[in-house]
Structure formats: C-alpha cells, structure tokens
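As structure tokens, the structure follows; a few thoughts come after it.
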Amino acid sequence: MTRTVVVLAALSGALAVAAGAFAAHGASGQAAEWLKTGGHYQLIHAVAALVAVRMGARISPWLFVGGGAVFAGTLYLMAFGAPRWFGAITPIGGVALIAGWLCLAIGAWRRPA
C-alpha cells in the first residue's frame, strides 16, 4: 500500500510539472491559468503525500494524492476543452486536500512526544 501511494505521488508530481510547462509554453488565457493552478496544487500535494508516508501517516497520503487528482484533473480537463461544469467538481478535490492536512495534524497531535 505504501509503494502504491509513493508511485502515485511520484506520477502526480510528474504530471504537475508537465501541466506547468504546458501552461508556460503552449497554453494561453484561462487555459494557462487553470493549468498553472492545477499544477501548483498537485505538485505541493504530491510532495505532501511523500512526506506524510515518511511520517507513517495512513490516510492523509491518499487524501493528498486523490484530492490533488480531482482538484487538478478537473482544471486540466477544462483547460483542454471540457465543459465548464467540471469546475463544480473541483471543490471536492479541495475538500479532500483540506481533510488530508487535518488528518495529518490530528495524527501528529496524537503521536507520543
């Protein structure tokens, strides 16, 4: 299970860098902004997932990877022409990201000093 989330986090990071590069060199306007925002959040949470795994967290890495995929994925889809109603799905990913941080905080609080 740990290997799976590490692989997914690494792939997530690679996709985030690709999205950022495309935003900088191949997209323009609103599409570029969606790619930049999605890439930014996805990259941060790919790294957060790896750190959380290293800390021994069990739930937050999955929330970071899954939430990042939903949050960034919907933005990427809209950047490439998907209907704008996909933007209504984006906050679901954001809630998962917030939940990941809260789970990480609770786990750290409960851990013996």
Side-chain angles (χ1 to χ4, degrees):
M1 180 155 93
T2 299
R3 182 183 352 185
T4 303
V5 77
V6 169
V7 168
L8 291 173
L11 293 173
S12 182
L15 181 58
V17 172
F22 189 71
H25 303 290
S28 61
Q30 185 63 58
E33 291 304 313
W34 284 330
L35 290 166
K36 286 179 193 174
T37 300
H40 179 81
Y41 276 80
Q42 190 174 22
L43 186 58
I44 288 169
H45 288 89
V47 173
L50 296 172
V51 171
V53 165
R54 183 78 173 142
M55 291 174 61
R58 293 178 291 168
I59 298 169
S60 56
W62 290 102
L63 289 168
F64 290 148
V65 170
V70 172
F71 183 88
T74 55
L75 294 175
Y76 298 160
L77 289 171
M78 290 190 307
F80 289 107
R84 300 263 316 222
W85 64 260
F86 271 80
I89 301 169
T90 308
I92 295 169
V95 168
L97 296 174
I98 293 166
W101 287 108
L102 293 173
C103 285
L104 192 63
I106 291 167
W109 181 260
R110 289 182 176 171
R111 185 179 280 193

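The minimum heavy-atom distance linking A23 with L35 is given by the pair CB-CB, 3.6 Å. Here the shortest heavy-atom pairing between A96 and L63 reads O-CB, 3.5 Å. The nearest pair of heavy atoms linking G87 to P91 is O-CD, 3.3 Å. The nearest pair of heavy atoms linking F64 to A52 is CE1-CB, 4.2 Å. Taking every heavy atom of both residues into account, C103 and S60 meet most closely at CB-CB, 4.2 Å. Between F86 and T74, the closest heavy-atom pair is O-CB, 3.7 Å.
Using bins of under 30°, 30° to 60° and over 60° for the plane-to-plane angle, the ring pair F71/Y41 lands in the tilted bin.
V53 and I59 end up in different hydrophobic clusters when Ile, Leu, Val, Met, Phe, Trp and Tyr side chains are linked at under 4.5 Å. Residues V7 and M1 are members of separate hydrophobic clusters, defined by side-chain heavy-atom contacts under 4.5 angstrom among Ile, Leu, Val, Met, Phe, Trp and Tyr. Cluster annotation: L97 is connected to W34 through the hydrophobic network of ILVMFWY side chains, with a link wherever side-chain heavy atoms come within less than 4.5 Å.
Every pair passing side chain to side chain donor-acceptor pair (under 3.5 Å) that includes a residue from residues 5-20 is listed here, sequence neighbours excluded: S12-Q42.
For the pair W101 and H45, the minimum side-chain heavy-atom distance is below 4.5 Å. Residues T4 and W62 form a side-chain contact, since some pair of their non-hydrogen atoms from C-beta on lies under 4.5 Å apart.
Side-chain heavy-atom separations under 4.5 angstrom define the hydrophobic clusters, and the remaining members of the one that includes L102 are I98.
Taken from OG1 in T90 to CG in L77, the straight-line distance is 9.0 Å, to the nearest 0.5 Å. A distance of 10.5 Å separates CG in L8 from CG in L50, rounded to the nearest 0.5 Å. Annotation: the span from L104 atom CG to M55 atom CE amounts to 4.5 Å, rounded to 0.5 Å.
In this structure, F80 has its ring center closer than 6.0 angstrom to the ring center of F22.
Around the CD1 atom of I89, the shell of radius 6.0 Å holds more than 12 heavy atoms that belong to other residues, nucleotides or ligands.
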